[in-house]
Each structure stands twice: as C-alpha cells, then as structure tokens.
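Single-structure report; data block below.
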Amino acid sequence: MNIKLAVLPGDGIGPEVTSQALKVTEAVCQKYGHELHYEYGICGAHAIDAVGDPYPAQTHQLCMESDAVLFGAVGDPKFDNNPSAKVRPEQGLLAMRKQLGLFANIRPVETFDCLIHKSPLKDDLVRGADFICIRELTGGMYFGPKKEGDDEAYDTNLYSRAEVERILHVAYGYARQRRRHLTVVDKANVLASSRLWRKVAQEIAPQYPDVTTDYMYVDNAAMRMIQEPRFFDVMVTENTFGDILTDEGSCITGSMGLLPSASIGTHTSVFEPIHGSWPQAAGKDIANPLATILSAAMMFEYAFSLKAEAADIRRAVQRSLDENIRTADIQVAGQRPYSTTEVGQWITSQISQKSE
Ligand code: IPM
Ligand code: MN
C-alpha cells in the first residue's frame with residue numbers, strides 16, 4: 001500500500017513524541033511492504049510565531065492531500081495567561097477539526113494490567129476496564145454563536161439533528177464491533193440541546209436492536225466512571241461533555257501518557273495523543289511516547305484497515321511495558337527511567353526484528 005502522511009508535531013513535547021511514533025510507523029511500513037511518504041506541516045504556537053496563524057492554509061492543504069495526519073500537541077504557556085491574546089495555539093486545533101470535518105473523536109480507555117498500580121483508583125475496581133468514548137468534535141459550545149463582552153459573555157450549545165444522527169451512527173458502529181452496549185450521555189433534565197440528543201437517540205436505537213442502549217446524565221456518568229468503570233463499553237456524548245469525561249477517563253488508566261485518539265470525519269483522519277504539549281518537559285527527552293505510538297496503531301487500523309500492523313505495534317508496546325522499558329511517569333520502583341528516544345527506539349527495533 002502507498003501511504004502519504006502529514007506529520008504535524010506542534011509544540012512542547014509534540015515533536016519528541018511524534019518523531020518516535022514516526023520511527024515506529026516507518027518500521028511497520030518497511031516490515032509489511034508499504035511505501036511511506038511523509039511531509040511535515042506547522043501548527044500551533046510555533047506556526048503563530050512563524051506565519052501568524054496556528055493552522056495555516058498550506059498545512060490544511062497538506063492534510064487534505066494526505067491519507068492520514070499524525071499530530072503531536074499544541075499549546076504554549078505564553079498564551080495561557082494572556083486572556084487578550086488575539087490568536088491562540090488551540091484555535092489551530094479547532095480550525096483543523098472544523099476544516100477537516102472531524103466530527104467524531106474516538107478515545108479508548110483501556111487498562112494495562114502491569115500499570116494498574118498507577119491508577120488513583122483501587123485495583124479491583126479498575127482491572128479490566130475497557131471502554132471507548134466517542135466525543136462529538138465539531139459542534140456544540142465550542143463552535144456555536146458566541147459573545148465575548150466585558151459585562152456579558154456566552155457560548156451557545158447548538159446542535160442540529162443531522163449532527164446528532166451522524167455521531168450516533170458512528171457510535172452504534174463501534175458498539176456493534178464491541179460488547180454491544182451504548183451509553184448516551186447528556187443533560188436532558190436541564191438542556192434543550194440534550195433533549196434533542198436524547199430524542200434522536202431514541203428514534204435511532206430501534207435500528208440497532210442488537211445493541212443495548214442506555215441513557216445517562218453527564219453528572220451521573222462522571223460518577224459512574226470512577227465508581228464502576230467496567231460498566232461502560234461505548235459512550236457517546238457532545239463536544240464539551242466529551243472533553244471533560246475523557247480527561248477523567250485518562251486517570252483510570254494511570255497516566256495521561258498512555259491514551260491515543262483518532263478523529264474521523266469527512267476528510268483526512270487525524271491521530272493524536274490525548275495529552276497536551278507539557279511545555280515544562282519540552283526538549284528534555286522524558287515524555288512518554290506511548291500515547292502517540294498507540295495513536296499510530298489506531299492510524300493503521302482505522303485509516304488504512306491494516307489490522308495486523310496495528311496489532312504488531314500494540315504487542316511491541318506491551319512488551320516494552322513487560323520488560324520495564326518505561327519512561328519515568330510509569331516506571332516501577334528500582335528500575336531506571338528510560339528516555340523518550342530509548343523507548344521509541346526499543347519499540348521500533350522490536351517491530352523490525354520480529355517477523356510475526
Ligand atoms: C482536547 C483538548 C482541546 C479541546 C483543547 C486543546 C482545545 O483539551 O483535545 O481534549 O478542548 O478539545
Ligand atoms: Mn481536553
């Protein structure tokens with residue numbers, strides 16, 4: 001297969017983790033006989049510095065012409081504490097989502113047995129938790145009409161029926177491939193937008209009689225995720241609720257450095273770790289590259305339907321954990337922390353050496 005990749009490393013630790021995932025991607029392509037071409041694009045804070053735009057037109061062009069986008073992270077503290085900044089790195093991410101039509105964000109929450117101790121939750125509660133959150137990504141408050149005045153400000157949680165329908169169909173598709181249990185998360189006891197979600201979900205549910213659908217208010221869902229994470233299989237929710245719940249979900253696993261994500265929609269799909277740009281660690285070669293490497297695995301599976309390749313990456317990641325080739329955030333006591341580059345290199349050579 002011919003694969004054309006857009007690589008958007010972004011800011012902070014983005015470039016370091018992305019280069020490890022790219023090494024892994026190259027090794028997989030080499031091993032399975034795929035021809036890989038990739039090109040770098042700028043985005044985020046350094047794109048603001050370079051051209052004044054966090055998602056410049058040439059980066060969008062590159063994404064549109066590629067088969068998939070491998071994305072690092074964006075963000076820079078110099079913008080965080082400046083509420084009057086005209087442009088922010090995060091706007092680049094939002095522009096990319098909107099312009100590529102990335103309406104579905106898939107965030108799996110899986111636990112690794114050997115890392116259970118890292119979770120702030122009790123072992124027996126977390127062990128075996130395995131669900132995915134499908135977050136609507138191009139609607140709701142993030143993109144609805146806004147006003148930002150000195151005395152009054154608002155964001156509008158606008159959803160159309162069509163937007164709700166298409167994300168629900170995606171969610172049911174995932175539920176069918178898994179344990180056939182879909183939880184629709186909303187706040188229908190208060191919000192009109194949520195009542196539309198629930199109404200549309202109730203209309204669509206009969207089309208999927210093989211899937212059990214249940215409905216949960218978001219406050220209750222936040223509690224249930226901590227109390228009984230194994231309850232969930234596939235969860236679907238709107239943009240803002242999904243943003244909040246997936247950060248919560250990352251704690252179940254034990255480290256932000258482990259969770260990959262895929263954003264899919266009408267144009268090229270984007271694969272990125274869910275952690276941010278961690279500016280304090282930038283350039284130190286200490287960040288955990290696993291979330292980005294696992295995002296590359298999602299890319300092989302979802303963008304190219306190459307399941308064996310994805311499984312190969314996941315096995316190599318598992319082996320690195322088993323052999324304690326781990327960065328500081330997840331290393332066990334008494335073992336030395338490995339650098340970002342060492343972990344990436346170890347996983348890359350595992351993939352190159354073993355013929356499965
Ligand atoms: C995420 C991030 C983004 C979001 C920010 C950086 C705009 O938190 O991908 O979850 O809120 O969607
Ligand atoms: Mn977030």
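Just so you know, ligand 1 is whichever comes first in the structure, and atom 1 is the first atom listed for that ligand.
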key: Sub-4.5 Å side-chain heavy-atom contact between Asn239 and Tyr159   = yes
Under 3.5 Å, sequence neighbours excluded: what are the donor-acceptor pairs made by side chains of residues 198-207?
residue : atom : partner : partner atom : Å
Arg198  : NE   : Asp186  : OD2          : 2.9
Arg198  : NH2  : Asp186  : OD1          : 2.9
Glu203  : OE1  : Arg161  : NH1          : 2.8
Glu203  : OE2  : Arg161  : NH2          : 3.4

message = When you measure from the centre of the six-membered ring of Tyr142, is the NZ or CZ of Arg135 closer than 6.0 Å and no more than 45° off the axis?
response = yes
key: Pair Asp312-Tyr32, side-chain donor/acceptor within less than 3.5 Å   = yes
ask   = Is a side-chain donor-acceptor pair under 3.5 Å present for Ser277 with Asp11?
value = no
ask   = Which of parallel (below 30°), tilted (30 to 60°) and perpendicular (above 60°) describes Phe131 and Phe232?
value = tilted
May I have the list of side-chain donor-acceptor pairs in residues 103-116 shorter than 3.5 Å, sequence neighbours left out?
residue : atom : partner : partner atom : Å
Asn105  : OD1  : Arg107  : NE           : 2.6
Asn105  : OD1  : Arg107  : NH2          : 3.4
Asn105  : ND2  : Ala262  : O            : 3.3
Asn105  : ND2  : Ser263  : OG           : 3.1
Arg107  : NH1  : Thr246  : OG1          : 2.8
Thr111  : OG1  : Ala129  : O            : 3.2

query = Can a salt bridge be assigned to the pair Asp49 and Lys78 using a cut-off of 4.0 Å between side-chain N and carboxylate O?
reply = yes
Salt bridge flag under 4.0 Å for residues Lys4 and Glu35 = no
ask   = Under a 4.0 Å heavy-atom cut-off, what residues line ligand 1?
value = Glu90, Leu93, Arg97, Arg107, Arg135, Tyr142, Asp243
query = Is any protein N, O or S atom closer than 2.8 Å to the Mn ion (ligand 2), and if so, which?
reply = Asp243 OD1
